[in-house]
There are 2 protein chains.
Amino acid sequence: MQSFTEENYLKMIYSLANRRQGEVSTNALAEMTSTKAASVTDMLRKLADKQLIHYKKYQGVRLTEEGERLALQVIRRHRLWEVFLVQKLGFGWDEVHDIAEELEHIRSEDLVARLDTYLGCPQFDPHGDPIPTPAGQMPEMGYRKLSEVAMGEDVCLMAVLEHSTEFLKHLDHSNLTLGCSITVNEINTFDKSVLVQIGTGRTVFISHEVAKNLLVDSRQSVVASH
Amino acid sequence: MQSFTEENYLKMIYSLANRRQGEVSTNALAEMTSTKAASVTDMLRKLADKQLIHYKKYQGVRLTEEGERLALQVIRRHRLWEVFLVQKLGFGWDEVHDIAEELEHIRSEDLVARLDTYLGCPQFDPHGDPIPTPAGQMPEMGYRKLSEVAMGEDVCLMAVLEHSTEFLKHLDHSNLTLGCSITVNEINTFDKSVLVQIGTGRTVFISHEVAKNLLVDSRQSVVASH
DNA sequence: ATAAAAATTTAGACTAGCCTAAATTTTTAG
DNA sequence: CTAAAAATTTAGGCTAGTCTAAATTTTTAT
Ligand SMILES: [Mn+2]
Ligand SMILES: [Mn+2]
Ligand SMILES: [Mn+2]
Ligand SMILES: [Mn+2]
């Protein structure tokens, strides 16, 4: 059985490994856990002892099969609770992360199964992130970043990479919601900002900083959530 | 801000204080927290430092006003989550205690308020226990134990004092559910067991051990929950 | 190729919560 | 009223998770 802390480390190793491909560094983990590198090293030794990670001193870290299985369970719980908070309790998508961060650690197979059923077995969380299957598979969506879309293309907003309240509030403010269609009208070469039309409605300016964090799909996919 | 452990101690001091009136003893807390008396003493010193309890060495302990306020918040969260688990997720009343024991520690004013609204502001949890008000008042029900009811009386089962899975399963087995009416047909003097009729239906035997843990009301009150 | 910089680990220390064993205080019984 | 029993506290120690400062290894840049 793992502690809250160990579960958090596993989850963060998983997401860092997927962001930059390959081994995860001590410093990256220290930043993400808001601790110091020395503390991370201690924890890595413990996780390695428990066979949850592959760890060679100075060489970075990688999840074992068992470690990944556990990480995906935590992520599954996190995302299911986020769906609950938004769809059932009426929270905004910018308000749920911290609460889900605590709910994700309540370990009861039965609870997760019932919650999943109750929510109608959702495929995506309120940020468009796929929910790992009960069997522990993480669906791979082939999304691109809006910052990589060519001029004139017509795409659909499927997910966001950044979950901070400020970022999500900013999107609300620009009328950018999951599932909305986006047409790229103009790309400014000097700062890579874009001018897009949302649906058939208004035209908004999106900075490169923001565009990098919007995942889109060319296909006319069904809306993930709303 | 209090830790999980501190919250658990406050909650247990509250319920022990209400059970046997007056100061709560170190040993009683040790038994209830499944720790040793020495550990309890350590924690009592800490809670006293934080002004959450009145504590004089060797003299037992009592909650301060602030301590009681916090204890009631924890109890409110616990009972609301129990309602959620039973009414929304379909758990049995014998399965929810341990999960609620973890959920109760998630501190978000907003979460509790929304959950309360979502559940329809319930007054009682699945065991018939009153849910403290948001303002921190614990409603006082004037229930009696079934073991104290006179022969021939007609009462309504309102709550249970024991929450263990075995006990609750035993009640299910005897068709004893919250809100059912009970007529005392016979009281055996040698072992204090009773023979009762449930509603207009079958007649069951109830040992003193069980009857002591059933709270009833003479009035034809509306069913608390079901 | 090597020296400086950056990343990482080790050493030593702290707090929260828990334990056992021993000391102390309160209660109970004769 | 006193001696034994029971309850409680103190002393000293352990683990998880964290920290700072110092040592070590790897990377980067001349
Ligand atoms: Mn977490
Ligand atoms: Mn999310
Ligand atoms: Mn608890
Ligand atoms: Mn209850």
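Just so we're on the same page: letters track the sequence lines, and every chain starts at 1.
- You'll find that the side chain of B/Thr35 is closest to C/dC19, out of C/dC19, D/dT10, C/dT8.
- The side chain of A/Lys36 lies closest to D/dT20 when the candidates are C/dT9, D/dT20, D/dT9.
- Looking at the side chain of B/Ala37, the nearest of the listed nucleotides D/dT9, C/dC19, D/dC19 is D/dT9.
- In terms of phosphate contacts, B/Thr26 brings a side-chain nitrogen or oxygen within less than 4.0 Å of OP1 or OP2 of D/dT9.
- Comparing C/dC18, C/dT10, D/dT9 by their nearest atom to the side chain of B/Lys57 picks out D/dT9.
- Summarising the local packing, CD of B/Glu148 is surrounded by more than 12 heavy atoms from other residues, nucleotides or ligands at distances under 6.0 Å.
- Put simply, the side chain of B/Leu44 reaches to within 4.5 Å of the side chain of B/Leu29, judged on heavy atoms.
- Atom CG in A/Leu44 sits about 14 Å away from atom C1' in C/dT10, given to the nearest Å.
- Note on A/Ser25: every side-chain N or O is 4.0 Å or more away from OP1 and OP2 of C/dA7.
- Backbone-only engagement by B/Tyr55 is indicated by non-hydrogen atom pairs under 4.0 Å involving sugar-phosphate atoms exclusively.
- Side-chain contact between A/Glu186 and A/Val194 is absent, with no heavy-atom pair separated by less than 4.5 Å.
- Contact check, A/Gln59 against C/dA7: no side-chain N or O comes under 4.0 Å of OP1 or OP2.
- Of the candidates C/dT26, D/dT10, C/dT8, the closest approach to any side-chain atom of B/Tyr58 belongs to C/dT26.
- Distance CZ (A/Arg45) to C1' (C/dA11): 11 Å, rounded to an integer number of Å.
- B/Thr64 contributes a side-chain N or O that, together with a main-chain N or O of B/Gln51, makes up a donor-acceptor pair within less than 3.5 Å.
- Here the side chain of A/Ala38 is nearest to one of C/dC18, D/dT8, C/dT10, namely C/dT10.
- Distances shown here put a side-chain N or O of B/Asn27 below 4.0 Å from the OP1 or OP2 atom of D/dT8.
- Closest to the side chain of B/Ser39, out of C/dC18, D/dT9, D/dT18, is C/dC18.
- One can place CZ of A/Phe4 at 18 Å from C1' of D/dT18, the figure rounded to the nearest angstrom.
- Separating the CD atom of B/Glu23 from the P atom of C/dT26 is a distance of 14 Å, rounded to the nearest angstrom.
- The nearest whole Å value for the distance from the CE atom in B/Met1 to the C1' atom in C/dA16 is 17 Å.
- The CD-C1' distance, from A/Glu6 to D/dT15, rounds to 12 Å in whole Å.
- Under the 3.5 Å distance criterion, the side-chain polar atoms of B/Glu7 are left unmatched by any main-chain donor or acceptor of B/Phe4.
- The distance from atom CD of A/Glu31 to atom P of C/dT8 is 12 Å, rounded to the nearest whole Å.
- Atom CG of B/Asp42 is separated from atom P of D/dA11 by 11 Å (rounded to the nearest Å).
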